[in-house]
There are 2 protein chains.
Amino acid sequence: MEDGTLKSPGNICDTSASCEVRDLLDRIADKWSLLVIELLAHSTRRFSELHREIDGISKRMLTLSLRQLERDGLVRRTVYPVVPPRVDYELTALGATVLETIESLVSWTRQHRGEVALARADYDRRSAESPEAALLATRSSR
Amino acid sequence: MEDGTLKSPGNICDTSASCEVRDLLDRIADKWSLLVIELLAHSTRRFSELHREIDGISKRMLTLSLRQLERDGLVRRTVYPVVPPRVDYELTALGATVLETIESLVSWTRQHRGEVALARADYDRRSAESPEAALLATRSSR
DNA sequence: CCGAATCCCTTTAGATACTG
DNA sequence: CAGTATCTAAAGGGATTCGG
């Protein structure tokens, strides 16, 4: 079995508090977790529903994401021993509290993606046209 | 040179809108970007200050993160052509708008990490003690 | 059938050394 | 000081298989 530990080798924790925060932040602000939590916002979902609705996620990553969220107490996993098997996922009370902040992040993204797209186009155009002008355009010495 | 493109091969965009959102979400809700933006909240920082204050980040990742944030129009980079070189980073107006939602995410993490730690200990204890009880503990067929 | 585990290859992050 | 180049280690992801 793949072990669930998440300590990266470079994760030296001198200040214990800040390290835990970063550790947790990494988990929540992770590529898939945000999307999983958002989908579970409104209703319980089955594994296959999540897999279908999160476009591009592999079963493997969905499993891992759900396991971590379960371990962190944000998601509850309920197994029904029937055939065909059925496994439901839902947010816990704790999970519901993250939901709000996550939704604000997601909606920020929806609202501002136009501006970001413009900024990117601008940046790309500038660095393509004048690779060295970027330096000259900056203000002179202090 | 390492190319700045970020398209993963599996990133098939059938529904263009949702794909862009996810693309952007990945960038912002990224391991380091959140921390960089939070640090730039209160004041302009130099590269080395960020490198010092974000414990555990490598120069490489800091550079990449800052470049992406700059490209996305969230951070402004100012080069002073002096010796020794000086480069300042600050949030743009757009960057300031993400800040609020990011801070709520970070503060959620600070507030709830105790609960998460408990949930993890619980989960680890249960899966260690009774690897099979997890199944039996769930409710029976429907 | 649904979901977890495994193999294997690709992509990304991190450490280190070096440059303008 | 502020990066870049390069190499290696690790994580991600697809396909397949196993198990209930």
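Only heavy atoms go into these numbers, but all of them, side chains included; no hydrogens, no water, no symmetry mates. Below, chains carry the letters A, B, ... as their sequence lines are ordered, and counting in each starts from 1.
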Among D:dA2, C:dC2, D:dG13, which nucleotide has an atom closest to any side-chain atom of A:Lys31?
D:dG13

Separation of D:dG3 atom P from B:Arg86 atom CZ, nearest Å, is 12 Å

If you measure from the Lys or Arg side-chain nitrogens to the Asp or Glu carboxylate oxygens, is any gap between A:Arg126 and A:Asp124 under 4.0 Å?
no

What is the distance from CG of A:Leu50 to P of C:dA4, rounded to the nearest Å?
11 Å

Cationic N near anionic O, under 4.0 Å, B:Arg120 to B:Asp122:
no

Polar contact flag, side-chain donor to acceptor under 3.5 angstrom, A:Ser43-A:Arg45
yes

What pairs with A:His112 under ring pair (Phe, Tyr, Trp, His ring centres under 6.0 Å), at least two apart in sequence or on another chain?
A:Trp108

D:dG12 C1' sits how many Å from A:Ile57 CD1, rounded?
11 Å

Contact nearer the 5' end of DNA chain D, comparing A:Asp30 with A:Lys59:
A:Asp30

My understanding is that only residues two or more places apart in sequence, or in another chain, count here; which of them pass side chain to side chain donor-acceptor pair (under 3.5 Å) with A:Tyr89?
A:Arg77

Does A:Glu100 CD have over 12 foreign heavy atoms under 6.0 Å away?
no

Assuming nearest nucleotide by heavy-atom distance, tell me which of B:Arg67 and A:Trp32 is located more 5' along DNA chain D.
B:Arg67

Base, sugar-phosphate, or nothing: which does A:Pro85 touch, judged by heavy atoms less than 4.0 Å apart?
base

Between CD of B:Glu70 and P of D:dG3 the distance, given in whole Å, is 9 Å

Straight-line distance of A:Leu66 CG to A:Arg71 CZ, nearest 0.5 Å
15.0 Å

Whole-Å distance between C:dG3 P and A:Phe47 CZ?
6 Å

Is it the case that C:dA13 (base atoms only) and B:Arg60 (side chain only) share a donor and an acceptor within less than 3.5 Å, ignoring hydrogens and angles?
yes

Please report, rounded to the nearest Å, how far the P atom of D:dG13 is from the NE2 atom of A:His51.
11 Å

Using whole Å, report how far CD of A:Gln68 lies from C1' of D:dA11.
12 Å

Nearest-nucleotide pick for A:Tyr89, side chain only, options being C:dA4, C:dA13, D:dT4:
C:dA4

Could you please name the option among C:dA4, D:dG3, C:dG3 that lies closest to any side-chain atom of B:Arg77?
D:dG3

Separation of atom CZ in A:Arg46 from atom C1' in C:dG3, rounded to whole Å
10 Å

From C:dG14, C:dG3, D:dG14, pick the nucleotide closest to the side chain of B:Ser58?
C:dG14

To 10°, what angle do the rotation axes through the five end pairs on each side of the helix from C:dC1-D:dG20 to C:dG20-D:dC1 form?
40°

Can you find a side chain N or O atom of B:Ser48 that sits less than 4.0 Å from OP1 or OP2 on D:dA2?
yes

